[in-house]
S.K.: 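So that we are looking at the same thing, I have put the structure below in structure tokens.
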Amino acid sequence: MMTVASLVAAVATHLALPLSAPLRMPAIRMDAAAADRRPVSAVVTELDSVPVFAIAINGDKLYSTDETGCMIYTHLSDASRVLAQLQSTYPAEALALEALSLGTVLSESGLLIKREAPPRITLVASPDAKRAARDLRAKGPAASSSDPPIVSSAVPKRWRPLTEIPVFHIGTLARRPMMAFEVDEAAEGLLWPLFFRLSDIDRLWEELGDSSTERPPVRAIDLATLVVCLREPAGAPGQPLVCAPLDALDFVAEKNRQALADAALQRAGGGDAQGEGAS
């Protein structure tokens, strides 16, 4: 079984960025020149901002099975549900959720970077997210003949399991000028926020605060396509901006806060003990 990885540091959410109304729905090119490709290690670093979840046993092992290896959940709610089921079945076991870095998980498992005898993992997509992605694709507009196709041949065979993980977006957004004199739209560039949960898109739209503008329809891609776009950003419709699920970030922030509080208590207890010994 995999040993427990370090917790992901809490990251500032991208939803606070000043954004304007969406400009257009993107088409994705998969024909970027090899010279424009970023190293996979850079993609790993960006995906490390996304927490994923495994179930720890006694604080040092991750729950796994012979059939699937270690189960790592992309949604906190799914991991929490499985944890409750396992704890009910094995009440004597000390089980807990552990947050891991998505990029590191994909790297160490050999999915993004070739490794000798990597640990077996199953990256578990949210059933609700998969169902929503299927519905969106079924209801979405037919692709235009002028749209560059999203071709599966652009996804290396090693990355194919990532096509099971849905990623959602509403197209590109333009950065608002930070200063009054910044009016050159071309200089501002386009952002392409990408989400793992539909509810986070709702939150984004609420924070934009423009009730007069109708939200564009949500579209679905997958994690493999996202990896391609992160590696070949010239083929993306805008700068890909990976937005980690807000509940996952809250979970990590609370774990970090609790760890700091526990460490402070231990230091205070140690100081008291030393003081009593000296007296």
Side-chain angles (χ1 to χ4, degrees), residues 13-15 22 24-30 43 46-47 49-53 68 71-82 102-103 105-106 109 111-112 121-144 147-173 191-206 214-232 235-249:
T13 175
H14 293 299
L15 297 185
R24 58 189 173 88
M25 297 304 292
I28 302 168
R29 293 189 298 110
M30 296 299 194
V43 175
E46 290 200 42
L47 292 178
S49 67
V50 179
V52 290
F53 298 91
T68 62
M71 305 286 282
I72 297 183
Y73 299 87
T74 54
H75 281 209
L76 174 61
S77 57
D78 296 318
S80 299
R81 174 177 49 78
V82 174
L102 176 58
V105 166
L106 298 181
S109 66
L111 285 174
L112 291 188
I121 75 160
T122 296
L123 193 62
V124 183
S126 163
D128 290 340
K130 290 181 69 173
R131 191 178 308 111
R134 286 195 300 269
D135 291 344
L136 289 170
R137 290 171 182 140
K139 297 175 183 176
S144 167
D147 287 344
I150 301 176
V151 291
S152 60
S153 59
V155 178
K157 183 177 180 180
R158 192 171 62 256
W159 299 358
R160 295 296 169 83
L162 306 185
T163 61
E164 296 296 315
I165 310 299
V167 179
F168 303 97
H169 69 92
I170 54 172
T172 53
L173 300 165
L191 299 177
W192 186 30
L194 296 144
F195 301 85
F196 291 82
R197 294 194 313 167
L198 288 173
S199 59
D200 291 326
I201 294 182
D202 295 334
R203 173 74 175 274
L204 166 72
W205 202 249
E206 290 174 4
E214 183 179 358
R215 191 188 76 182
V218 178
R219 292 190 178 182
I221 59 172
D222 56 60
L223 184 53
T225 302
L226 171 57
V227 169
V228 171
C229 291
L230 289 175
R231 195 176 184 203
E232 302 176 358
Q239 177 188 344
L241 190 64
V242 180
C243 299
L246 294 178
D247 64 338
L249 295 178

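Remember, predicted model here, so these are calculated numbers, not experimental data.
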S.K.: Do you know which two heavy atoms are closest between Val167 and Leu223, and how far apart they sit?
M.R.: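 Smallest interatomic distance, heavy atoms only, reads CG2-N, 3.7 Å.
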
S.K.: Hey, what do you get for OG1 (Thr74) to NZ (Lys130), rounding to the nearest 0.5 Å?
M.R.: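 Separation between the atoms: 10.0 Å.
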
S.K.: Any heavy-atom pair between the side chains of Leu102 and Ser49 that's under 4.5 Å?
M.R.: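 A side-chain contact is absent here, since even the closest heavy-atom pair is not under 4.5 Å.
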
S.K.: Indicate yes or no: at least one non-hydrogen side-chain atom of Trp159 is less than 4.5 angstrom from one of Leu106.
M.R.: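 Trp159 vs Leu106: side chains apart.
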
S.K.: What's the separation between atom CD1 in Ile221 and atom OG1 in Thr163, rounded to the nearest 0.5 Å?
M.R.: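 Rounded to the nearest 0.5 Å, the CD1-OG1 separation comes out at 12.0 Å.
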
S.K.: Quick one: OH on Tyr73 to OG on Ser126, what's the gap to the nearest 0.5 Å?
M.R.: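 Nearest 0.5 Å value for the OH-OG distance: 12.0 Å.
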
S.K.: Among all residues two or more places apart in sequence or in another chain, which pass the side-chain hydrogen bond (donor to acceptor under 3.5 Å, both in side chains) test with Ser77?
M.R.: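 Scan of Ser77 (side-chain hydrogen bond (donor to acceptor under 3.5 Å, both in side chains), adjacent residues dropped) gives none.
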
S.K.: Are Asp202 and Arg215 close enough that some pair of their side-chain heavy atoms sits under 4.5 Å apart?
M.R.: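 Touching, per the 4.5 Å side-chain cut-off.
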
S.K.: So, do Leu204 and Phe195 sit near enough that their side-chain heavy atoms are less than 4.5 Å apart?
M.R.: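 When only atoms from C-beta onward are counted, Phe195 and Leu204 do touch, with a gap below 4.5 Å.
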
S.K.: List the residues meeting salt bridge (charged side-chain N to carboxylate O under 4.0 Å, His left out) with Arg131, not counting sequence neighbours, and say none if there are none.
M.R.: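 For Arg131 the salt bridge (charged side-chain N to carboxylate O under 4.0 Å, His left out) partners, ignoring immediate neighbours, are Asp128.
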
S.K.: Taking the side chain as every heavy atom from C-beta outward, state whether Arg197 and Leu246 have any pair of such atoms under 4.5 Å apart.
M.R.: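 Yes, close enough: below the 4.5 Å cut-off.
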
S.K.: Can you name the closest pair of heavy atoms from Leu194 and Pro240 and give their distance?
M.R.: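 Scanning both residues completely, I find the closest heavy atoms to be CD1-CB, 4.1 Å.
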
S.K.: So among Leu76, Val105, Ile165, which one has a side chain to side chain contact (heavy atoms under 4.5 Å, CB included) with Val52?
M.R.: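 Result: among Leu76, Val105, Ile165, Val105 is the only option passing the side chain to side chain contact (heavy atoms under 4.5 Å, CB included) with Val52.
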
S.K.: Can you tell me how far NE2 of His169 sits from SG of Cys229, rounded to the nearest 0.5 angstrom?
M.R.: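 Rounded to the nearest 0.5 Å, the SG-NE2 separation comes out at 9.0 Å.
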
S.K.: Return the set of residues passing salt bridge (charged side-chain N to carboxylate O under 4.0 Å, His left out) with Asp222 (not counting sequence neighbours), or none when no residue passes.
M.R.: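 Result, salt bridge (charged side-chain N to carboxylate O under 4.0 Å, His left out) vs Asp222: none returned.
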
S.K.: Closest heavy-atom contact between Asp200 and Ala244?
M.R.: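 Looking at all heavy atoms of both residues, the shortest contact is OD2-O, 4.3 Å.
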
S.K.: Look at the side chain of His75 and the backbone N and O of Pro127, then say whether any donor-acceptor pair between them is shorter than 3.5 Å.
M.R.: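 Not a single qualifying donor-acceptor pair exists.
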
S.K.: Measure the CD1-CD distance between Ile201 and Glu206 for me, rounded to the nearest 0.5 Å.
M.R.: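 Result: 12.5 Å between the selected atoms.
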
S.K.: What verdict does the side-chain contact (heavy atoms from CB on, under 4.5 Å) test give for Leu162 and Leu112, after you've listed the backbone C-alpha separation in whole Å, the side-chain angles of each residue and the deciding distance to 0.1 Å?
M.R.: CA-CA 10 Å; Leu162 306 185; Leu112 291 188; 4.0 Å; yes

S.K.: If every non-hydrogen atom of Trp205 is compared with every non-hydrogen atom of Pro216, which pair is closest and at what distance?
M.R.: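 Taking Trp205 first and Pro216 second, the nearest heavy atoms are CH2-CD, 3.7 Å.
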
S.K.: Mind listing the closest non-hydrogen atom pair of Leu173 and Pro193 along with its distance?
M.R.: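 Of all heavy-atom pairs spanning Leu173 and Pro193, the closest is CD1-CG, 3.5 Å.
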
S.K.: Does a side-chain heavy-atom distance below 4.5 Å link Leu111 with Pro161?
M.R.: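 Touching, per the 4.5 Å side-chain cut-off.
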
S.K.: Do Val124 and Thr68 have side chains that get closer than 4.5 Å, going by heavy atoms?
M.R.: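 A side-chain contact is absent here, since even the closest heavy-atom pair is not under 4.5 Å.
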
S.K.: Which residues pass the side-chain contact (heavy atoms from CB on, under 4.5 Å) test with Ala220, not counting sequence neighbours?
M.R.: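 Testing Ala220 for side-chain contact (heavy atoms from CB on, under 4.5 Å), a comparison that skips the adjacent residues, returns Ala133, Leu136, Arg137, Phe168.
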
S.K.: Could you work out, with salt bridge (charged side-chain N to carboxylate O under 4.0 Å, His left out) as the rule, every residue matching Arg134, not counting sequence neighbours?
M.R.: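 Residues passing salt bridge (charged side-chain N to carboxylate O under 4.0 Å, His left out) with Arg134: none at all.
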
S.K.: Residues in ring-ring contact (aromatic ring centres under 6.0 Å, His included) with Phe53, at least two apart?
M.R.: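 If we apply the ring-ring contact (aromatic ring centres under 6.0 Å, His included) test to Phe53, skipping adjacent residues, the hits are Phe251.
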
